[in-house]
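Below, read A as the first sequence line, B as the second, and so on, with proteins coming before strands; counting in each chain starts at 1.
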Protein chains: 2
Amino acid sequence: MARTTRPTLTHVAASAGVSVSTASLAFSGAGPVSERTRQRVLDAAAELGYAGPDPMARSLRQGRTGIIGVVFAERLRHAFRDPVAIALLDGLAEELGPVGPGLLVLTGNDERAGPSTEQLAAAPLDAAVFATCDLEEEPLVEPLRVREIPMVGIEGPRMPGVSLVDIDNIGASREVTEHILSLGHKRIAAVVLPWRPGRQRGFLDRARRDLSGSVVFADRLRGTEEAIGASVHAWEAAASTVEEGRAAGRALLDVDEPPTAIVAHSDLLAAGVIQAAHELGLRVPEDLSVAGFDGIDTPWLDPLTLTTAVQPMVEKGRIAGRMVTDLLAGRTPEDVLLPVHLRVGGTTAPPR
Amino acid sequence: MARTTRPTLTHVAASAGVSVSTASLAFSGAGPVSERTRQRVLDAAAELGYAGPDPMARSLRQGRTGIIGVVFAERLRHAFRDPVAIALLDGLAEELGPVGPGLLVLTGNDERAGPSTEQLAAAPLDAAVFATCDLEEEPLVEPLRVREIPMVGIEGPRMPGVSLVDIDNIGASREVTEHILSLGHKRIAAVVLPWRPGRQRGFLDRARRDLSGSVVFADRLRGTEEAIGASVHAWEAAASTVEEGRAAGRALLDVDEPPTAIVAHSDLLAAGVIQAAHELGLRVPEDLSVAGFDGIDTPWLDPLTLTTAVQPMVEKGRIAGRMVTDLLAGRTPEDVLLPVHLRVGGTTAPPR
DNA sequence: TTGAAAGCGCTAACAG
DNA sequence: CTGTTAGCGCTTTCAA
């Protein structure tokens, strides 16, 4: 007898001559079912073309979907252009992958905004990870907090109800700058990360500094200035990309008395600076020392190895994943601060 | 009176002194509700800390979640390292973003496998897009087909029940190779894409060619060989990355009589080949012509512009998104074949 | 414009 | 080991 609607567990149970609850157990394996019964149920299912319990019904019943949201406060194309974000996702997927259906990527559609409140409210999440956690995300946090969805932030500001995976941005940035100083550099400039909200490129002035915004931006800048002991001549990039780094490099280097060292607050920016230097006929590290931050793969710089602060990118994701697991299990994980270590490469040397 | 459990629509309705159905309408706006009533409901909700209708319950009732799955037949870190995949995702997000909660990324955890059947079966999807659609995915298709979930494939083989967004791989690859030939090159080699399943690097021999596998691999190779009119000396890369391209370049160039032109079947591979050439002291394009495929940004090649076949990466995603919309609306979209155009850059020139 | 009632498909007590 | 029963929280007829 043909049925036009999709078969349900009820149909399968009827066809196998058992009750729905027994059929349910046969699928979930969460109870005692004789092998014979179990097989009868599975056979009936196969025959009817039943694909297994409906995820939505199961979710409603169990009160969870197994879906973990990953929130980016920007458009997907921007978020995913950053190797650091990809590494984070990879670590997350590694840790959470076997558990549930997968990661729900929540991004905005505008250039700089994240997902809308409605979008967040409509997402069937068990937990959320803020991959780009800046102050402007406060409005993103609220709708999830109301729904009592466990949240994990990455390198964000400390917010009540949001577990945090942080790295030592200040210390690492200080260490990198100290390395530059120890080489004897005096004229040092910095290329800083986008100062959200309101990404724009240009020299960093008092007004921009005074805006509250990205914690990561502020911490890395602070590290650099703590090392120098004064405010640093800095260019603010509109994004962490090679292109932006190149623009920064041109702006900082194509002047009368260019710096002998540039501290970039991401490896992509550093790579762009190196490119700009080459275009201007400067050799790295002979004429210009360049340091980065992150420790991403930069095979195209070969044979140069970037001097940089290596942060545990994938590990951040793994730990965030473990925090999610803990939170879902009712445990309250401690905030984590991961170490970052200086890797001295071939892009820094004493000034001539 | 404190309540330990989260408030539901029933509580809100009771508190507002209306029926649940009215309260529901007040939230969805899908029916006639007086402004006064509506406001009362919203006020009650705010007071109780009700965050809006529960997504799971709503999904079960409506029979859809709004979630679109994006399936990758590999581990996340590999999938997301490819700018082509990112562009596709971006196009998808752009098209589908405003509609539902977001994109559910389904990847495997092993090096080369996609999500498990269980994972696919447990995912509350309205539709799925196969971002990496090779033959080996057949097992991925099946569980979704049984659940009657609409599917869209990208550059995959034509499969029943899977709408297809394709690009003219053969034609474009042929065109690129013809360009090389027209410059007068005789010794031409190719770097081909990973021949899944069983990625490995090495010279492409008869045995590898005869394996059935990636359609994209086969089509691009076919285009190249159609232009040449013979089989081409080729190196198979284990992935579409700069590093793999570099390894390929070394293998192909570090020999007695190296080719004067190399056709790489992706831009990342081409970039790696160029790097290898430079390392071997060869100038591009004077000593070696290199062509790619895809048309991604390669700012680090600057001032060189890659000769390549420019494919509409973001557009593929947008169109896939539109197909999903169509399928969900009960329409049956036509398969699409998008054009690819040759962009002659500075990496190809006549042989000396 | 509002309310009553049915039920989406499943799982988890509980009883046998 | 298996069956009965009661909802999960919501939307959607249908009737008032």
Side-chain angles (χ1 to χ4, degrees), chain A residues 3-42 44-45 48-66 121-126 146-149, chain B residues 3 5-41 44-45 48-66 121-126 146-149:
Chain A
R3 206 191 32 264
T4 130
T5 123
R6 314 231 48 252
T8 71
L9 196 54
T10 311
H11 298 125
V12 175
S15 165
V18 298
S19 71
V20 267
S21 58
T22 301
S24 174
L25 292 178
F27 276 102
S28 68
V33 182
S34 75
E35 188 47 46
R36 203 170 137 276
T37 310
R38 177 191 166 71
Q39 203 44 252
R40 249 210 339 268
V41 172
L42 296 180
L48 293 175
Y50 177 72
D54 181 281
M56 303 182 225
R58 180 202 281 260
S59 296
L60 176 58
R61 184 58 237 241
Q62 302 191 136
R64 57 194 152 76
T65 57
L125 309 177
D126 284 0
V146 176
R147 283 172 58 203
E148 289 174 17
I149 292 183
Chain B
R3 208 191 28 265
T5 125
R6 316 230 45 255
T8 71
L9 197 53
T10 310
H11 298 125
V12 175
S15 165
V18 300
S19 70
V20 265
S21 53
T22 301
S24 173
L25 293 178
F27 275 102
S28 68
V33 182
S34 76
E35 188 48 46
R36 204 171 135 278
T37 309
R38 175 192 169 70
Q39 202 45 250
R40 245 205 348 261
V41 172
L48 293 175
Y50 178 72
D54 180 282
M56 302 182 223
R58 180 203 282 259
S59 295
L60 176 58
R61 183 59 237 242
Q62 301 190 138
R64 57 195 152 74
T65 57
L125 308 177
D126 284 0
V146 175
R147 282 172 60 202
E148 288 174 17
I149 292 183

* Asked: So, the side chain of Arg147(B) versus the backbone of Ala121(B): is there a donor-acceptor pair under 3.5 Å, distance only?
  -> yes
Polar atom pairs (N or O), protein with nucleotides 3-7 of chain D, under 3.5 Å:
from, atom 1, to, atom 2, distance (Å)
dG3(D), OP2, Ser19(A), N, 2.9
dG3(D), OP2, Ser19(A), OG, 3.4
dG3(D), OP2, Thr22(A), OG1, 3.0
dG3(D), N7, Ser21(A), OG, 3.1
dT4(D), O4, Ser21(A), OG, 3.1
dG7(D), N2, Arg61(A), NH1, 3.1

* Tell me: CG of Asp126(A) to C1' of dC8(D), nearest whole Å? -> 15 Å
* **Tyr50(A) vs dG9(C): side-chain N/O to OP1/OP2 distance below 4.0 Å** => no
* Structure fact -> Heavy-atom closest pair (Ala45(A) atom, Phe27(A) atom, distance to 0.1 Å) is CB-CZ, 3.7 Å
* Asked: OP1 or OP2 of dA12(C) less than 4.0 angstrom from a side-chain nitrogen or oxygen of Gln62(A), does that happen here?
  -> yes
* Please work out if Ser24(B) contacts a base, only the sugar-phosphate, or nothing of the nucleic acid, heavy-atom cut-off 4.0 Å. => base
* Structure fact -> Separation of dC8(D) atom P from Asp54(A) atom CG, nearest Å, is 19 Å
* To do: Scan Pro53(B) against the nucleic acid and name what it touches under 4.0 Å (heavy atoms): base, sugar-phosphate only, or nothing.
  => sugar-phosphate
* Structure fact -> Rounded to the nearest 0.5 Å, the CG atom of Leu60(A) sits from the CG atom of Leu60(B) at a distance of 5.5 Å
* Side-chain touch Met56(B)/Met56(A), heavy atoms, less than 4.5 angstrom -> no
* To do: Please confirm whether the backbone N or O of Arg64(A) pairs with a side-chain atom of Asp126(A), one donor and one acceptor, at under 3.5 Å?
  => no
* Asked: Looking only at side-chain N and O atoms, does Arg58(B) come under 4.0 Å of OP1 or OP2 in dC10(D)?
  -> no
* Asked: If you look only at pairs with a residue in residues 19-34 of chain A, which of them pass as a side-chain hydrogen bond (donor to acceptor under 3.5 Å, both in side chains), with sequence neighbours excluded?
  -> Ser19(A)-Ser21(A), Ser19(A)-Thr22(A), Ser34(A)-Thr37(A)
* Give the rounded distance in Å between these two atoms: CD of Gln39(B) and C1' of dT2(C). => 18 Å
Close N or O pairs between protein and nucleotides 14-16 of chain C (under 3.5 Å):
none

* Asked: Can you list every side-chain hydrogen bond (donor to acceptor under 3.5 Å, both in side chains) pair that touches residues 53-62 of chain A, not counting sequence neighbours?
  -> none
* Asked: Going by heavy atoms in the side chains, are Val146(A) and Tyr50(B) under 4.5 Å from each other?
  -> no
* **Contact summary for Ala122(A) and Pro55(B), nearest pair of heavy atoms** => O-CB, 3.5 Å
* dG9(D) C1' sits how many Å from Arg64(A) CZ, rounded? -> 17 Å
* Which atom names give the shortest non-hydrogen contact between Pro7(A) and Leu48(A), and what distance separates them? -> CG-O, 3.5 Å
* Have a look at the helix from dT1(C)-dA16(D) to dG16(C)-dC1(D) and give the angle its two end axes make, five pairs each, rounded to 10 degrees. => 30°
* Walk me through it: do Thr65(A) and Leu125(A) pass the test side-chain contact (heavy atoms from CB on, under 4.5 Å)? => CA-CA 7 Å; Thr65(A) 57; Leu125(A) 309 177; 5.8 Å; no
* To do: Write down the distance between CE (Met56(B)) and C1' (dG9(D)), rounded to a whole number of angstrom.
  => 10 Å
* Distance in angstrom units between Phe27(A) CZ and dA12(C) P, rounded -> 15 Å
* What's the closest nucleotide to the Pro32(A) side chain, out of dC10(C), dT2(D), dT1(C)? -> dT2(D)
* Partners of Ala44(A) by side-chain contact (heavy atoms from CB on, under 4.5 Å), sequence neighbours excluded? -> Val12(A), Ser15(A), Ala16(A)
* Distance, rounded to the nearest Å, where Arg40(B) contributes CZ and dT1(C) contributes P -> 14 Å
